[in-house]
Amino acid sequence: MNFIIYLIVGGIAGWLASMIMRTDGQQGILLNIIVGIIGGFLGGWLLPLLGLGLGGGWLGFLITALIGAIVLLAIINLFRRGSVR
């Protein structure tokens, strides 16, 4: 059951991050889910290093994954276009 929740939260986080970073026209739903899940891992690793903890629950997971997905898309844009955008 947790796997399905991770997919849903990852998909929502990836979709929101792609809208914020203006890459939503280039990505499909599968790539949004992948970006959201990888962003969740990245945010889960990065935020404690910065001393931030968002707590548990699906909202905390969503915000963590969203922040991680935005960072991931910024890094991808930096290598692809030479600017974060």
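- Note that the CE atom of M19 and the CG atom of L73 stand 13.0 Å from one another [nearest 0.5 Å].
- The only member of I12, L16, V71 that meets side chain to side chain contact (heavy atoms under 4.5 Å, CB included) when paired with L66 is L16.
- Other residues, nucleotides and ligands place no more than 12 heavy atoms under 6.0 Å from the CD1 atom of I29.
- Note: M21 CE to L72 CG = 9.5 Å, rounded to the nearest 0.5 Å.
- Closest heavy-atom contact between G44 and T64: N-CG2, 3.4 Å.
- In this structure, V35 and G14 approach most closely via the heavy-atom pair CG1-CA, 4.5 Å.
- To the nearest 0.5 Å, atoms CH2 (W15) and CD1 (I20) are separated by 10.0 Å.
- Atom CD1 of I37 sits about 13.5 Å away from atom CG of L42, to the nearest 0.5 Å.
- Heavy atoms only, all atoms of each residue included: A13 and A65 are closest at CB-CB, 3.6 Å.
- Atom-to-atom distance recorded for L50:CG and I67:CD1 is 9.5 Å, nearest 0.5 angstrom.
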